[in-house]
Protein chains: 2
Amino acid sequence: MPQYTPPLRDMQFVIHELFRVTEQLKDIPKHAEVDADTINAVLEEGGKFASEVVFPLNRTGDEQGCTLNKETHEVTTPAGFKEAYAKYVEGGWPALSCDPEYGGQGLPFVLNQCFYEMLNSANQAWTMYPGLSHGAYEALHAHGTPEQKKLFLPKLVSGVWTGTMCLTEPHCGTDLGLLRTKAEPQADGTYRITGNKIFISAGEHDMAENIIHLVLARLPDAPQGSKGISLFLVPKYKVKPDGSLGERNGIYCGGLEHKMGIHGNATAQLVLDGAVGTLVGEPNKGLPAMFVMMNAARLGVGNQSLGLTEVAYQNALAYAKERLQMRALSGPKAKDKPADPIIVHPDVRKMLLTAKAYAEGGRAVAIYCTMLLDKELYHPDEKVRKDSEEIVALLTPIVKAFLTDNGHIATNACMQVFGGHGYIQEWGMEQFVRDNRINMIYEGTNTVQSLDLLGRKVLGNNGATLKKFGKLVAQLVEEEGVNEKMAEFINPVAYLGDQLTKFTTEIGFKAFQNPDEVGGAAVDYLRVLGHLVFGYFWARMAQVALQQIEAGNTDPFYQAKLQTARFYFARLFPETATLMRTARSGVGVLLDTDAALA
Amino acid sequence: MPQYTPPLRDMQFVIHELFRVTEQLKDIPKHAEVDADTINAVLEEGGKFASEVVFPLNRTGDEQGCTLNKETHEVTTPAGFKEAYAKYVEGGWPALSCDPEYGGQGLPFVLNQCFYEMLNSANQAWTMYPGLSHGAYEALHAHGTPEQKKLFLPKLVSGVWTGTMCLTEPHCGTDLGLLRTKAEPQADGTYRITGNKIFISAGEHDMAENIIHLVLARLPDAPQGSKGISLFLVPKYKVKPDGSLGERNGIYCGGLEHKMGIHGNATAQLVLDGAVGTLVGEPNKGLPAMFVMMNAARLGVGNQSLGLTEVAYQNALAYAKERLQMRALSGPKAKDKPADPIIVHPDVRKMLLTAKAYAEGGRAVAIYCTMLLDKELYHPDEKVRKDSEEIVALLTPIVKAFLTDNGHIATNACMQVFGGHGYIQEWGMEQFVRDNRINMIYEGTNTVQSLDLLGRKVLGNNGATLKKFGKLVAQLVEEEGVNEKMAEFINPVAYLGDQLTKFTTEIGFKAFQNPDEVGGAAVDYLRVLGHLVFGYFWARMAQVALQQIEAGNTDPFYQAKLQTARFYFARLFPETATLMRTARSGVGVLLDTDAALA
């Protein structure tokens with residue numbers, strides 16, 4: 001059976017040593033009092049919850065899946081899911097970084113980030129139930145009417161009710177402009193909503209007494225396309241003005257999908273049959289309102305793969321130390337045993353280090369992003385808010401796509417370490433691969449992320465945001481450019497930064513002639529920028545580690561960081577050599593293929 | 001539901017136009033009469049069998065899996081599997097390339113290769129039942145006693161009985177030297193075999209009246225390690241001298257594995273409880289004897305991924321033409337429709353072309369290999385036999401590892417084309433990914449293949465075999481070096497060939513100092529050589545296509561080949577830029593990581 005230990009030491013390193021989060025947030029009044037002890041204590045408790053309550057349900061949840069009673073339209077989640085959720089609510093976990101006005105604890109997003117990383121390591125399918133609730137909370141918090149907020153937010157914050165986002169329909173996923181679900185205004189100010197939604201994660205379950213669906217639909221007079229979409233709040237059970245539950249609403253689960261993974265999460269087909277809802281935000285402005293939820297969700301998806309990368313790594317490492325098979329090419333290492341543990345083999349180490357470098361690099365980027373999120377929303381200085389917002393916007397598609405692609409590489413590598421046993425379900429490794437696979441698809445496929453990055457976030461403002469990130473890189477290069485010990489980490493980052501600046505200008509010119517050039521380069525471009533970002537943070541982590549070692553700190557943690565940084569730059573970062581070449585090769589070779597793709 | 005059309009046109013192109021197989025084999029007496037019409041007719045019938053009989057059982061086989069009756073130890077295969085196998089036997093398909101002395105049709109291996117590619121596209125899990133039988137046939141044909149051959153081969157050739165290979169035990173997969181199953185000689189010349197085997201594909205089923213297990217075990221006085229392993233024939237039902245079935249033998253299925261994929265194939269735990277067997281080949285020479293089967297099996301595994309790459313491609317192509325979602329970045333293409341088909345998007349094309357280029361490149365390499373196999377075994381000229389054997393030995397780990405890794409890339413890309421629907425089981429795409437995943441593991445993990453390639457096949461004879469392959473490349477470069485139209489295909493191959501020659505020498509020197517250097521470079525090295533091989537065959541395919549186009553042939557097939565070749569060199573081949581760099585980075589960065597991997 002798989003195992004999981006919360007990576008508290010590494011989280012503390014990133015939070016306290018790499019980013020000095022408490023210092024960074026001290027100008028934000030609501031976080032001025034948050035200290036390292038509070039952070040560490042919450043992470044420790046959160047880690048216990050994840051590893052002791054949620055993780056033991058991961059394999060059984062995969063095996064059992066969810067079942068739909070076709071007569072009652074009720075869904076039963078795997079054994080133990082409901083009880084674990086009750087403990088989650090009892091522990092006050094849903095409220096962690098929510099607004100105190102609605103019962104939240106108001107702690108920094110960084111804590112939620114790390115807590116959710118651990119939950120995702122423990123059980124992605126389970127974690128999606130509270131995860132989507134939190135997304136619904138954020139959308140309602142940003143766009144709900146005072147009445148909606150008063151009635152629904154405290155229940156979402158306490159976790160007594162959960163939430164969903166209902167976007168996709170059978171004929172439209174990426175292209176929401178095509179959606180057909182209709183909302184008809186009623187005399188009492190409510191709407192009757194009718195249509196079919198699919199792929200609704202956590203769309204129906206037995207874990208909470210009510211489910212608050214946020215549903216995209218069209219008003220009768222709405223313009224065509226994406227500018228005619230409105231957002232509605234549609235509860236499973238109608239809610240009386242006093243907050244108590246009323247009668248069953250006309251939204252029910254018509255079927256559950258059979259999926260490659262995340263079996264423990266109910267992916268529902270939802271039928272809306274004149275369901276009663278209320279408008280969230282302005283008419284026809286549903287898509288921007290939903291994007292509040294979507295942006296958070298995209299960071300959340302990256303975090304899912306970060307969690308899976310970490311847990312896959314831990315299990316592969318343990319197996320590689322125990323499994324005896326063959327001798328090292330350079331001669332026996334465990335002479336007293338019938339064979340060497342497979343960790344002596346260089347390629348086994350490569351697979352392990354790939355996962356480790358992607359996990360720790362991803363953790364740094366994800367924590368950095370959520371630290372900026374707090375600045376974006378709550379910092380008193382408008383410029384800080386604006387800069388933070390831009391950097392988060394730039395990094396969001398990278399966290400979503402780069403971390404999930406890396407999760408694919410890493411979970412597959414860790415499964416491979418197990419040889420034939422990796423293919424057997426009871427070892428748990430192939431589940432990490434299957435669960436991770438959806439992360440590359442939902443909340444906007446990774447191709448969509450790359451178009452968002454290159455088309456909107458980079459070329460859309462003539463590279464202004466990219467330059468802001470580039471300044472951080474340039475600053476590090478200036479700081480450490482003459483430090484010989486840092487050269488192996490700084491030089492590749494500096495070189496790639498220069499290359500990417502030139503290539504960005506080049507692709508901008510080409511796209512001006514032919515917009516399809518963006519589509520021909522975007523996926524490779526995202527991975528290059530992903531490596532620049534990872535390279536930057538890996539260099540900073542190496543910097544901190546080197547400083548500690550030079551100051552005489554003998555904690556092997558810092559040697560481990562340096563070794564992993566070296567591995568990253570020697571074995572993973574050079575992927576950019578190919579990516580720069582293929583991104584540059586132009587769209588012609590893709591589009592002049594009508595005969596080939598006939 | 002997925003669809004499948006046998007790629008007969010492309011097979012005919014490779015067989016008749018690219019390699020001129022009938023000319024190549026005309027010096028082999030047994031194949032002198034084989035003409036193009038025979039080949040085409042067999043492929044057409046084989047394609048019908050694969051697509052009409054076997055393919056419809058692929059999804060249902062995945063859903064149902066195999067079930068074990070724990071009392072009788074009998075396994076029930078998914079509905080229809082047994083009937084399809086009966087048709088397979090009735091059609092005489094098992095005999096296709098078997099020895100006429102035992103009832104075979106004696107046709108060239110190329111036909112078996114193409115037939116099995118189609119079977120693998122149609123249903124890898126089903127195909128493994130006859131596939132493993134064929135492996136057992138080959139091992140017995142090469143090493144069996146006259147009595148064993150007479151008694152067992154006709155039944156394997158007709159398909160009335162099937163065969164398996166029983167190697168793995170719970171504590172040893174790669175490292176067979178550790179195996180513990182014991183064989184005790186009996187007074188009558190037979191052996192009593194006792195032990196536990198796991199991961200035995202097609203190890204128990206209801207499709208044939210008897211199963212012939214080829215089992216590795218140790219004699220009482222055997223030396224330790226891999227030099228003390230012998231091969232035994234252990235039938236499920238004992239066989240009387242007249243060929244009729246006797247009593248049940250002491251080998252039975254103790255459990256079936258729950259796997260990520262290939263659910264339709266029974267992966268059996270086999271318990272041998274004093275089972276009666278006979279020795280195959282010489283005592284303690286079991287491993288070399290089994291390697292006859294293993295080498296064929298490795299080519300067969302590459303062929304499994306080739307089949308999955310092809311069928312995944314066909315389905316993704318069809319979906320990309322039908323699914324309407326968003327508009328092209330360069331403006332609407334299907335103005336009469338609410339959105340453009342997603343094939344307008346450059347990255348969708350990139351995913352499709354990746355699968356197409358890997359399928360067609362893989363088909364060329366695999367057919368080339370099996371053509372050489374016929375020369376290796378049956379050519380009258382000893383030098384041709386020897387040269388063919390060496391090239392096949394060099395290419396075998398590439399076919400096994402490069403094609404299966406490419407299958408992983410391709411099936412995942414094709415699944416990604418489907419967006420969220422790719423994750424849903426009924427669309428069939430995620431099954432191709434899951435089924436393919438085992439191919440990177442079994443019959444020697446892809447890491448083991450890379451060590452075999454770099455350590456044994458390349459450095460083991462000081463690059464002599466590599467030079468033989470290099471001569472083919474040099475010859476093509478000489479032929480076409482001044483043809484401007486071929487420059488885009490020839491130049492990258494010529495350049496990489498030079499680089500690889502230098503790097504091979506370099507790694508040879510480094511490995512002399514430290515044998516671990518081989519392990520640090522081998523996986524990347526294999527992919528570089530894989531691309532050199534694919535690049536060589538893609539250049540030759542472009543050459544044939546260009547010649548046809550220049551001669552006025554307007555069949556769009558040749559334009560399609562050229563476009564796919566261009567895509568391959570622009571977008572896939574440049575992976576070598578990174579691989580050369582990482583392979584060169586040395587083993588130190590992997591081994592000096594004790595703190596990181598503590």
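Here the structure is a predicted model, which is why all the values come from computation and not from measurement. Each chain gets a letter, A, B and so on, in the order the sequences are listed, and its residues count up from 1.
Between the side chain of A:E430 and the backbone N or O of B:G261 there is no donor-acceptor pair closer than 3.5 Å. For A:R437 (side chain) and B:N412 (main-chain N/O), a donor-acceptor pair under 3.5 Å exists by modelled atom type. In this structure, A:T578 contributes its side chain and B:T578 its backbone to a donor-acceptor pair below 3.5 Å. A:D175 contributes a side-chain N or O that, together with a main-chain N or O of B:M326, makes up a donor-acceptor pair within less than 3.5 Å. Here the side chain of A:Q563 pairs a donor or acceptor atom with the backbone of B:A596 at under 3.5 angstrom.
By the 4.5 Å heavy-atom criterion applied to side chains, B:I198 and A:H421 are counted as neighbours. For the pair A:V589 and B:F569, the minimum side-chain heavy-atom distance is 4.5 Å or more. By the 4.5 Å heavy-atom criterion applied to side chains, B:I441 and A:M415 are counted as neighbours. Contact annotation: the side chain of B:T445 never approaches that of A:F418 to less than 4.5 Å [non-hydrogen atoms, C-beta and beyond]. Counting heavy atoms from C-beta outward, B:Q325 and A:L178 have side chains that approach closer than 4.5 Å.
Listed options B:P556, B:A570, B:G177, B:A328 were ranked by heavy-atom pairs under 4.5 angstrom with chain A; first place goes to B:A570. Interface remark: of the candidates B:T582, B:L579, B:V587, B:N446, B:T582 forms the most heavy-atom pairs closer than 4.5 Å to chain A. The greatest number of non-hydrogen atom pairs below 4.5 Å with chain A, out of B:E426, B:M351, B:E257, is found for B:E257. Comparing A:R566, A:H171, A:Q559, A:R584 by heavy-atom pairs within less than 4.5 Å of chain B, the highest count is held by A:H171. Each of A:N514, A:T447, A:T564 has some count of heavy-atom pairs under 4.5 Å with chain B, and the biggest count is that of A:T447. Ranked by non-hydrogen atom pairs under 4.5 Å with chain A, the options B:Q431, B:K259, B:M260 are led by B:M260. Most heavy-atom pairs under 4.5 Å with chain A, from the set B:K561, B:M429, B:H408: that is B:H408. Of all the listed residues (A:S450, A:G419, A:A339, A:C172), the one sharing the greatest number of non-hydrogen pairs under 4.5 Å with chain B is A:C172. Contacts with chain A were tallied for B:G173, B:A522, B:G331; B:G173 has the most, counting heavy-atom pairs under 4.5 Å. Between chain B and the residues A:L324, A:L591, A:L572, A:D347, the largest count of heavy-atom pairs under 4.5 Å involves A:D347. Annotation: maximal heavy-atom pairing with chain B below 4.5 Å, among A:D594, A:L176, A:L562, occurs at A:D594. No other option in A:G455, A:G225, A:G586, A:G588 has as many heavy-atom pairs under 4.5 Å with chain B as A:G586.
Using a 4.5 Å cut-off between heavy atoms, B:K321 touches chain A through its side chain atoms alone. For B:A598, the part lying near chain A is the backbone, with the side chain staying farther off; criterion is any non-hydrogen pair under 4.5 Å. Residue B:I343 touches chain A through its side chain alone, counting heavy-atom pairs closer than 4.5 Å. Only the side chain of B:L317 comes within contact range of chain A, with heavy atoms under 4.5 Å apart. If you measure heavy-atom distances from A:H258 to chain B, the contacts under 4.5 Å come from both the backbone and the side chain. Only the side chain of B:K356 comes within contact range of chain A, judged by heavy atoms closer than 4.5 Å. Of the two parts of B:V344, only the backbone, made up of N, CA, C and O, holds a non-hydrogen atom closer than 4.5 Å to a non-hydrogen atom of chain A. Both the backbone and the side chain of B:Y423 come within less than 4.5 Å of a heavy atom in chain A. For A:L451, the part lying near chain B is the side chain, with the backbone staying farther off; criterion is any non-hydrogen pair under 4.5 Å. Contact of A:A320 with chain B is not made at all, since no heavy-atom distance falls under 4.5 Å. With a 4.5 Å cut-off on non-hydrogen atoms, A:R323 touches chain B through its side chain but not through its backbone.
Here the NE2 atom belonging to B:H345 is positioned 9.5 Å from the CG atom belonging to A:D516, to the nearest 0.5 angstrom. A distance of 10.0 Å separates CD in A:E517 from OG in B:S330, rounded to the nearest 0.5 Å. Within the model, atoms CG of B:L352 and CG of A:L597 stand 5.5 Å from one another, a figure rounded to the nearest 0.5 Å. In this structure, OG1 in B:T267 is found 6.5 Å from CD1 in A:I424, a value given to the nearest 0.5 Å.
Residues A:D592 and B:R349 are not paired through a salt bridge, judged by the lack of any N-O separation under 4.0 Å between the basic side chain and the carboxylate. Comment: B:D524 engages A:R571 in a salt bridge, judged by a side-chain N to carboxylate O separation of less than 4.0 angstrom.
Within a 6.0 Å radius of CZ in B:R581, no more than 12 heavy atoms belonging to other residues, nucleotides or ligands are found. Annotation: A:R180, atom CZ; neighbour count of heavy atoms from other residues, nucleotides and ligands within 6.0 Å does not exceed 12.
Scanning both residues, A:H263 and B:Q425, for their nearest heavy atoms gives NE2-NE2, 4.4 Å.
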